[in-house]
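Data block below; observations after.
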Amino acid sequence: MKTAITELFGIEHPIIQGGMHYVGFAEMAAAVSNAGGLGLITGLTQRTPELLAKEIARCRDMTDKPFGVNLTFLPTFSAPPYPEYIAAIREGGVKIVETAGRSPEQYMPALKAGGIKVIHKCTSVRHSLKAEQIGCDAVSVDGFECGGHPGEDDIPNMILLPRAAEELKIPFVASGGMADARSLVAALAMGAAGMNMGTRFIATKEAPVHENVKNALVAASELDTRLVMRALRNTERVLNNKGVEHLLDVEREKGKSLKIDDIHDQVAGVYPRVMIDGEMDAGAWSCGMVVGLIHDIPTVKELIDRIMADAERLIRERLTGFLDADSEEALKVA
């Protein structure tokens, strides 16, 4: 399947693995890239630029296909050394970066000087247009269904994607709620040139996380995510657990007076406890509503091959069948 995204990034299938804290290691990125998608190393999971450089080299040993690095610009008092991280990306020969969080505008000259293509994750049309204006090559449009930070507008992808298609000139992928061939075909129908999957890729054989995490995703339904930190205007969608329930109790008790320090224990240092140690009640970790569509733990290649085969079938048989009144396929699914 050829789209503007496959052409832009030199990949076989229009499927991108989103940046995920303590998931986007070299083995995850390489597995996705080897299967024909675009794998991403999560830059800030590596505590220093030097460690990121080593992770890039490790990934290059695992794949000869294009892969990228996710770099999230966080609103913190002590910002990570972003210029050094970008230098590690450039020196490692990486030509694709997914940016997220705050606008990457101040870092665009350094990224572009390295010949890097930039895809920025946005939760609104206005932010997508800003990304286009500052020179991003593509946008990942992130609907309200997504795991992690969905923004504060609460617009789901059935509205957000067509609006992005109406406004943007650069290509974009759909992010949030993406899990299978139905997701991909729907995203293409609404104007996207591919899809970005995060939560779905955690439930794969190669995902470098504890088996408890994968099993929790298979067991969960679409009703098992919660929105936290709304009062702080830093909304995050997470999988429900005992730590999250305690966090929500604190939020209800504090109301508008809530401070980040009030929930520190439920949000700080949680990822290694969950992803590495398998402590499923440790606290808040990002998970999308798409968890309700996860029913197995395939290899990455099995997952991507299945998506692409099913997408072709959906397009050629089911959708085309609706245009042919005599089609048996159309009658079966009408």
Side-chain angles (χ1 to χ4, degrees), residues 9 15-34 37-63 65-76 79-82 84-90 92-102 104 107 111 116-122 140 142 146-149 173 175-176 178 196-204 206-210 213-214 217 236-239 267-277 284-288 300:
F9 295 134
I15 298 174
I16 297 174
Q17 166 240 321
M20 294 173 283
H21 203 32
Y22 276 84
V23 180
F25 292 101
E27 50 266 54
M28 182 83 259
V32 174
S33 290
N34 284 332
L38 178 65
L40 296 176
I41 295 169
T42 305
L44 295 187
T45 294
Q46 304 301 318
R47 296 187 307 278
T48 67
E50 292 77 18
L51 288 173
L52 176 58
K54 290 180 181 178
E55 197 70 8
I56 290 170
R58 202 163 72 89
C59 192
R60 202 166 292 290
D61 286 340
M62 298 178 185
T63 184
K65 303 290 180 65
F67 67 90
V69 172
N70 163 277
L71 202 54
T72 299
F73 297 107
L74 301 168
T76 60
Y82 290 116
E84 287 84 353
Y85 275 100
I86 292 171
I89 292 167
R90 290 175 56 174
V94 174
K95 296 300 181 183
I96 302 166
V97 166
E98 178 196 59
T99 55
R102 286 186 169 181
Y107 302 105
L111 292 166
I116 293 169
K117 294 183 175 70
V118 178
I119 177 169
H120 185 55
K121 184 167 282 190
C122 301
S140 181
D142 217 10
C146 74
H149 299 279
V173 296
S175 183
M178 303 293 118
N196 177 305
M197 297 196 304
T199 303
R200 185 60 186 93
F201 273 126
I202 303 177
T204 56
E206 295 90 340
V209 303
H210 198 284
V213 178
K214 301 178 188 184
L217 294 178
E236 183 178 5
R237 186 179 298 282
V238 301
L239 189 67
V267 298
V270 168
Y271 278 86
R273 293 172 60 193
V274 173
M275 299 301 177
I276 297 174
D277 301 330
W285 59 281
S286 296
C287 179
V300 167

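Quick note: residue numbers are just sequence positions, from 1.
Expressed to the nearest 0.5 Å, how far CD1 of I89 lies from CD1 of I41 amounts to 9.0 Å. The CD atom of Q17 sits 9.0 Å away from the CG atom of N70 when rounded to the nearest 0.5 Å. Interatomic distance, CD1 of I96 versus CG of L38, reported as 4.5 Å (0.5 Å rounding). I56 CD1 to D61 CG: the interatomic distance, rounded to the nearest 0.5 Å, is 12.5 Å.
In this structure a side-chain-to-backbone donor-acceptor pair under 3.5 Å is missing from N196 to G19. Of the possible polar contacts, one joining the K214 side chain to the A207 backbone as a donor-acceptor pair under 3.5 Å is found. For S140 (side chain) and S175 (main-chain N/O), no donor-acceptor pair under 3.5 Å exists by modelled atom type.
For the 3.5 Å distance criterion, the side chains of H21 and T42 fail to qualify, holding no donor opposite an acceptor.
For R237, the salt bridge (charged side-chain N to carboxylate O under 4.0 Å, His left out) criterion is met by no residue, not counting sequence neighbours. Partners of Y107 by ring pair (Phe, Tyr, Trp, His ring centres under 6.0 Å), not counting sequence neighbours, listed by chain and number: F73, Y82. R60 meets the salt bridge (charged side-chain N to carboxylate O under 4.0 Å, His left out) test with no other residue; sequence neighbours excluded.
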Full working for side-chain hydrogen bond (donor to acceptor under 3.5 Å, both in side chains) between E236 and S286: CA-CA 7 Å; E236 183 178 5; S286 296; 2.7 Å; yes
